[in-house]
Each structure stands twice: as structure tokens, then as C-alpha cells.
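Throughout, a chain's letter reflects where its sequence line sits, starting with A, and its residues are numbered from 1.
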Amino acid sequence: MESGLISVDRWTKGSQAYFLTHMHSDHTRGLSGVWSQGPLYCSRITASLFPSRFPNFDLSLLRVVPISSWTSLSLRSPSSGSAVSLHFMAIDAHHCPGSLMFLFRGDFGCFLYTGDFRWDADESDEAKNTLVAAINESPVDILYLDNTYCNPIYSFPSRQVAANLVADIITSHPSHDIIIAVDSLGKEDLLVHVSRILNIKIWVWPERLLTIHLLGFQDIFTTNTTCTRVRAVPRYSFSIQTLEGLNTMCPTIGIMPSGLPWMKRPFKRDDDKLFGSLLTATYETIPRAVHRFHDYMYTVHYSDHSCYEEIGEFIELVKPKSMKGIVVSSSCYVDPLYYFGRICGTSQPPQVLLMRPDPAEQLRAVRIKSYSASDKTLVLEKEKKRKRGDSHSSLMRIKKRARIQVKSAKISEVD
DNA sequence: GCGATCAGCT
DNA sequence: CACAGCTGATCGC
């Protein structure tokens, strides 16, 4: 597809329409309160998070998209100036609140960009039915796939099953305080489930409560530590050390919901020089859905990304002519064609199992996100790449204030 | 002081 | 390793 038309989760200059799959910061890098490159298409929930995430953002740029129905856009070819017609459909990605996949259709063909997604949908799920119907109309030429867990080692249960496991851990510790690690957006359904099963409120830090209220949750969450023993805390403040500290005050266990298999660090020998040698290190992978990682810490395989099996089912459903992974940051990046290329037909090139892309290669791969096909453009865009902005600075003062509030809340709960 | 970027950490 | 972040240092304005 010609460059200069649309970008998905990329915010550099040069596109006529910008698409945001969801409000996680690795997808909004480059967005800021002063960004104004063009119209930005996203879900209603994502749009509602803009004022708090990006103060001063020009909200008139936002275009809330309908779910599961087609929208037409009229763009201009940057090279010829002629009109280009493009249709897109947003589909629920079930990754975090407001997350979407985008299906694009035009003279260039048909692309499906999944963003991050979890395919633990059942047969009656609207996303699945929408996708099946749309693909029957016209097949997908290129699937841009969330390949985070595109490896058979990544096997874990549905979120519903995992949520029950979390509830089981809590009920089996009736007089413990519980802390659950979460990020700034996502896993609300897990917390709601725990709340319903245990008939208990969930403490969250004040800034998180603001987000939760914007998402439309009511009553279940509180910032008052005295009315619950279950607290959701930022993942970055969640560690064995934190738990050991809390246990000097009150018996407390931590629960880490994550799709990553919990790996222990390489065994440290007396000879420290051996540390870091991946060839000689011994790793222990934990395949169980629940693991008592430490006296005070459990890990549960609760994931907002699809497991290997679900990725396979998804590709089988979409049957794309070709596909590309959109996650390139991992050093164990797996080309989805390696495991699932057969679904795409026989004309695929030989595949790479594991590759560690060098930085230049990563840069190239990231360009996939803006559908830049021309090599000339790649070179130009490479230079522009330095101009990336970041949003977190514009929020720093506000966040600093919020942090102080979180800290005082922590202090008061310890005292 | 402010915003942007990067190294370091989990 | 690193799901999706946060923190602190540094640099230019």
C-alpha cells in the first residue's frame, strides 16, 4: 500500500488519518498534548481517556469509530493527488477496555491490523461473528498480528478460568491482606470478578480510580484502605521486597497476573563470571497456571494477549494470504509464519524460528505499522524517526502529585 | 523550570 | 528474557 495515507499506533508526520488501537503507552509513544498531525480514529472508551492522559490535547481531532460496521474515508494519493477511497471496520480486540482491531479495505487490498488482542472469545462473540462475515466478503491479504505469545511454550487458560484461580487463592487466605499487581489500564474484569465472588470492594490508588470511573465502573472500587483487604497496586511497586515489608505489619500475599511464564533467574554460582552466560545458565519454567513463587507471592497466568493456541485458531479463522508480527521488541521474536505459515498457503518464503533483530532491522520492522511499502519512503521516514515525542513528560507534574498521594495512602495503611 | 530522551529496572 | 510500564539522570531551551 502506498505510504502517506494512514498510520496505526504511529504518530509521526505524513499520514492523512491516524488510528489508535488502545491506550497503552507502548502504542501511544509519540502522542502528546500538542500532537495535531491529523484526525485520530479510536474507540469511545479510548477517546474518553484522552483528557487525563494527554492534557491540552485537541479533542476535536478525535473520531470515535463505530464497532463492527464499515466507515468510508476519502483520502488523496500523495503521489498522484487523485482520490483514494478506503473503508475500515473496528472490531473489539478484547485486550483492554476500549481496545480495537482495524480491518482496512481499498484498492490496495484488504489488511487486518489486530493491535494487541486476546482471542478467548466464545462462539457467540460479536467480534468473531463480525470478522467471519467481513472476511467472507473479501479475504485478508495481509494480517498484522499480535505475535507476543506466538510460541507453543505459551499455553495458559482463558481469563475466566484464571480469574477463578485468583479468587481461589484469596479465599484460601481468609485472614490475609491481598495485593494484586495491575497496570494503568486493563485487568478491571479480573478485579470485578474477585469483588463479586468475595463480595468485597477493591482498593486502587487515586489516579487509577479516576481511570476506572471514566470506564464506567461504579461502587466496586475504593481508595479507602479501611474497607477492604484486597488492593490493586501498580506493577512497578510490586516485588518480594514490598511484600516482605508489608508482612512485618500484617500477613499479606501478592498475586501477579501475567501471561509470561515465570522464569527464575539463572542460578548464581560462586563464580560470578558465569552469571549472564545464557548458554550455561539453568532456567526453570513454570508451566502451571498458578504458581506459589514465594511464601508471599503467587503468579497466575492471566493474560490480555492470546496464547499460542488462540493465535492459531485466529489465523485459521482469518486465513490471510500473508501475515507479519507487529511485536518486534522481544529478543525472542517469532515470525508467525514459522508456526502458521502453512495456513497462508504454500507460496511463503522459508521462515525464521528465532531471530534477534539488530536495531536497524527493528526500525525497519516497526515501519510495518504505518504500512509504508516503498523503500524510498523508508529512508526518508528513518530520518524523521528522531522527531518522536513522548507524552509522559507533559503529565509529569500531575503524576508526581498523584504519586505523593499514593505514597501517603500507603503510609497510612501501614501505620 | 520545562519538555524530551535514555538507561535501568521490574 | 520483559506483558507494560515507572524512575531518575541528563540535555537543550
Practice problem: Would you please say whether a donor-acceptor pair under 3.5 Å links the side chains of D120(A) and H94(A)? | Solution: no
Quiz item: Between dC6(C), dA2(C), dG5(C), which one does the side chain of L260(A) approach most closely?
Solution: dA2(C)
Exercise. Look at all strands and tell whether T148(A) reaches a base, only sugar-phosphate, or nothing, counting heavy atoms closer than 4.0 Å.
Key: sugar-phosphate
Quiz item: Are the aromatic ring centres of H301(A) and Y149(A) under 6.0 angstrom apart?
Solution: no
Self-check item: H24(A) side chain near dG5(C) phosphate (N/O to OP1/OP2, under 4.0 Å)
Solution: yes
Quiz prompt | Flag side-chain contact, heavy atom, 4.5 Å: I255(A) against Y302(A) | solution = no
Quiz item: Can the ring centres of Y41(A) and F88(A) be said to be less than 6.0 Å apart?
Solution: yes
Quiz prompt | C1' spacing across the pair dT5(B) / dC3(C), given as an integer number of angstrom | solution = 23 Å
Quiz item: Atom CZ of F117(A) and atom P of dA4(C): how far apart are they, to the nearest Å?
Solution: 13 Å
Quiz item: Between H27(A) and dA4(C), does any side-chain N or O lie under 4.0 Å from OP1 or OP2?
Solution: no
Quiz item: Closer than 4.0 Å, any side-chain N/O of H305(A) to the OP1 or OP2 of dA4(C)?
Solution: yes
Self-check item: Rounded interatomic separation in angstrom, taking CD1 from I240(A) and P from dC9(B)
Solution: 18 Å
Exercise. Tell me what S303(A) touches on the nucleic acid: a base, only sugar-phosphate, or nothing, going by heavy atoms under 4.0 Å.
Key: nothing
Quiz prompt | Atom-pair distance (CZ on R118(A); P on dC3(C)), nearest Å | solution = 16 Å
Quiz item: Which part of the nucleic acid, if any, lies within contact of D116(A), taking any heavy atom under 4.0 Å across all strands shown: a base, the sugar-phosphate backbone alone, or nothing?
Solution: sugar-phosphate
Quiz item: Is any side-chain N or O of S258(A) closer than 4.0 Å to OP1 or OP2 of dC3(C)?
Solution: no
